[in-house]
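Comments concern the structure below.
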There are 2 protein chains.
Amino acid sequence: MFLGRFSHNLDAKGRLAIPAKFRGALADGLVVTRGIDRCLSVYPLAAWQTLAERVSALSISDPDARQFRRIVFAEAADEALDSQGRIVVGAELRRYAALDREAVVVGMNTYIEIWNPERWERLTATVEDEGTGIAQRLADLI
Amino acid sequence: MFLGRFSHNLDAKGRLAIPAKFRGALADGLVVTRGIDRCLSVYPLAAWQTLAERVSALSISDPDARQFRRIVFAEAADEALDSQGRIVVGAELRRYAALDREAVVVGMNTYIEIWNPERWERLTATVEDEGTGIAQRLADLI
DNA sequence: ACCGATCCCCCCACTTATCCCCACTTCCAC
DNA sequence: GTGGAAGTGGGGATAAGTGGGGGGATCGGT
């Protein structure tokens, strides 16, 4: 269960420390890939595999499905935590998410998101202002 | 599990280095053949055998199925990694995929695709900013 | 049948990138 | 205040990617 928000630094080699609380659930391996709204998503290996099976099961004859499959798998990276509990974020994923030195690591219950700090700030500021509106919309879901 | 995208070079002899991460799954042998959309597909031997059975089982009376069968089987080559982890891409397969010196090697979960760099670029450039759309579709599968 | 040429495979060498380990600093807990 | 764990940073060893050269088998020609 991933909860909470943390500010960590990427070093010169593109390494990012994962909060100690999150490391247990990622000990068996993890997959980093593109997320929604230009962030990165980190999945525990087991969660990723069920996801990957569904993507692989999509039709071969549908061009859209082929395209989709290529993006999903080509930009994903399966990794493991190093001995200091870090992951390596490749150059292409850093570019996609506009990650330079600082990064925001957010627990999203079943997975983790990694954000450019300004983007995260802008997004949450918007939510706080319109917060009541969003809350009203989503209250129905509970 | 094949994940990630890698840029490698073919040398003068038509040899192509397979990313080190992929080699384990190909140690028992592999098959290179023509893929859909003018790329090449590389399958581990075991995966190839199940694929070959399914393709063989396609209807004989369906013209599309016959054509597909020809594409897949006619130029297929069963190979093994050499001692440096490379495969040899025959002249006819290179021509089909427009491979000269540079090549993009893409993990597709259960198999590998090999692309001409410009073709790959053209295919994925369109998706870059609707990458969020892709990610949303991915999220729906969770 | 023998010789020669060609093709293919294996081995070697160099450059570059990746991984692993170690050390320092900071923050929190006791 | 002290001890320990977490975050941060750098350096060295090792493997990966790339290119070229040599030896052996095969095929064709004489």
Side-chain angles (χ1 to χ4, degrees), chain A residues 2-32 40 42 45 75-95 99-107 112 114-117 120, chain B residues 2-32 40 42 75-95 99-107 112-117 120:
Chain A
F2 303 110
L3 293 177
R5 177 179 53 83
F6 304 84
S7 294
H8 286 171
N9 293 337
L10 288 110
D11 64 21
K13 300 178 182 178
R15 295 178 297 189
L16 177 67
I18 298 296
K21 281 187 170 185
F22 294 174
R23 290 177 193 170
L26 299 175
D28 295 333
L30 60 97
V31 173
V32 189
L40 302 183
V42 179
L45 193 56
E75 303 303 331
D78 70 319
E79 300 191 34
L81 297 172
D82 71 7
S83 54
Q84 273 74 40
R86 293 175 290 193
I87 60 172
V88 179
V89 182
E92 184 56 29
L93 287 172
R94 286 206 303 275
R95 192 193 56 77
L99 294 176
D100 186 21
R101 197 185 133 81
E102 297 175 59
V104 177
V105 180
V106 188
I112 297 171
I114 301 171
W115 286 84
N116 170 304
W120 174 260
Chain B
F2 302 111
L3 292 179
R5 176 172 50 83
F6 304 85
S7 294
H8 285 171
N9 293 336
L10 287 110
D11 64 20
K13 302 176 183 178
R15 295 178 298 188
L16 178 66
I18 298 297
K21 281 188 171 185
F22 294 175
R23 291 177 193 169
L26 299 174
D28 296 332
L30 60 98
V31 174
V32 188
L40 302 183
V42 179
E75 296 299 331
D78 68 319
E79 299 191 35
L81 296 172
D82 72 6
S83 54
Q84 273 75 44
R86 293 176 288 195
I87 61 173
V88 178
V89 182
E92 181 56 28
L93 287 173
R94 285 206 302 275
R95 192 196 56 76
L99 294 176
D100 185 22
R101 197 186 133 80
E102 297 176 57
V104 176
V105 181
V106 186
I112 298 171
E113 285 185 353
I114 301 172
W115 286 83
N116 170 303
W120 175 260

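Small disclaimer: the values here were computed from a predicted structure and weren't measured. Chain identifiers are assigned alphabetically (A, B, ...) following the order of the sequence lines, protein sequences preceding nucleic acid strands; residue numbering begins at 1 within each chain.
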Whole-Å distance separating the [atom1] atom of [X] from the [atom2] atom of [N]:
| X | N | atom1 | atom2 | result |
| --- | --- | --- | --- | --- |
| A/His8 | D/dG9 | NE2 | C1' | 15 Å |
| A/Leu81 | D/dA6 | CG | C1' | 14 Å |
| B/Leu16 | D/dT18 | CG | C1' | 11 Å |
| A/Asn9 | D/dG7 | CG | P | 11 Å |
| B/Asp11 | D/dA16 | CG | P | 18 Å |

Inset, instruction - Not counting sequence neighbours, which residues clear side chain to side chain contact (heavy atoms under 4.5 Å, CB included) with A/Arg5? List them please. - result: A/Ser7, A/Val104, A/Val106, A/Trp120

Inset, instruction - Under the side chain to side chain contact (heavy atoms under 4.5 Å, CB included) rule, collect the residues that match up with B/Glu79, sequence neighbours excluded. - result: B/Leu30, B/Val32, B/Ala77, B/Ile87, B/Val88

Inset, instruction - Answer yes or no: are there more than 12 heavy-atom neighbours, outside B/Asp82 itself, under 6.0 Å from its atom CG? - result: yes

Inset, instruction - Look at atom CG of A/Asn9 and say whether more than 12 heavy atoms of other residues, nucleotides or ligands are closer to it than 6.0 Å. - result: yes

Inset, instruction - Search all heavy atoms of B/Leu99 against all heavy atoms of B/Ala103 and return the closest pair with its distance. - result: CD2-CB, 4.1 Å

Inset, instruction - Please work out if A/Ile18 contacts a base, only the sugar-phosphate, or nothing of the nucleic acid, heavy-atom cut-off 4.0 Å. - result: sugar-phosphate

Inset, instruction - Sugar-phosphate atoms are those with a prime plus P, OP1 and OP2; base atoms are the rest. Using that split, label each nucleotide of nucleotides 21-30 of chain C B, S or - for protein heavy atoms under 4.0 Å, 5' to 3'. - result: BB--------

Legend entry - A/Leu10 and its side-chain contact (heavy atoms from CB on, under 4.5 Å) partner, picked from A/Arg101, A/Arg15, A/Arg94: A/Arg94

Inset, instruction - Only counting residues at least two apart or in another chain, list the ones meeting side chain to side chain donor-acceptor pair (under 3.5 Å) with A/Gln84. - result: A/Arg86

Inset, instruction - Check ring-ring contact (aromatic ring centres under 6.0 Å, His included) between A/Phe22 and all other residues, then give those that pass, not counting sequence neighbours. - result: A/Phe2, A/Phe6

Inset, instruction - Tell me which nucleotide among D/dG21, D/dT18, D/dG7 gets nearest to the side chain of B/Lys13. - result: D/dG21

Legend entry - Strand contacts (DNA chain C) in residues 21-29 of chain B, 4.0 angstrom heavy-atom criterion: none

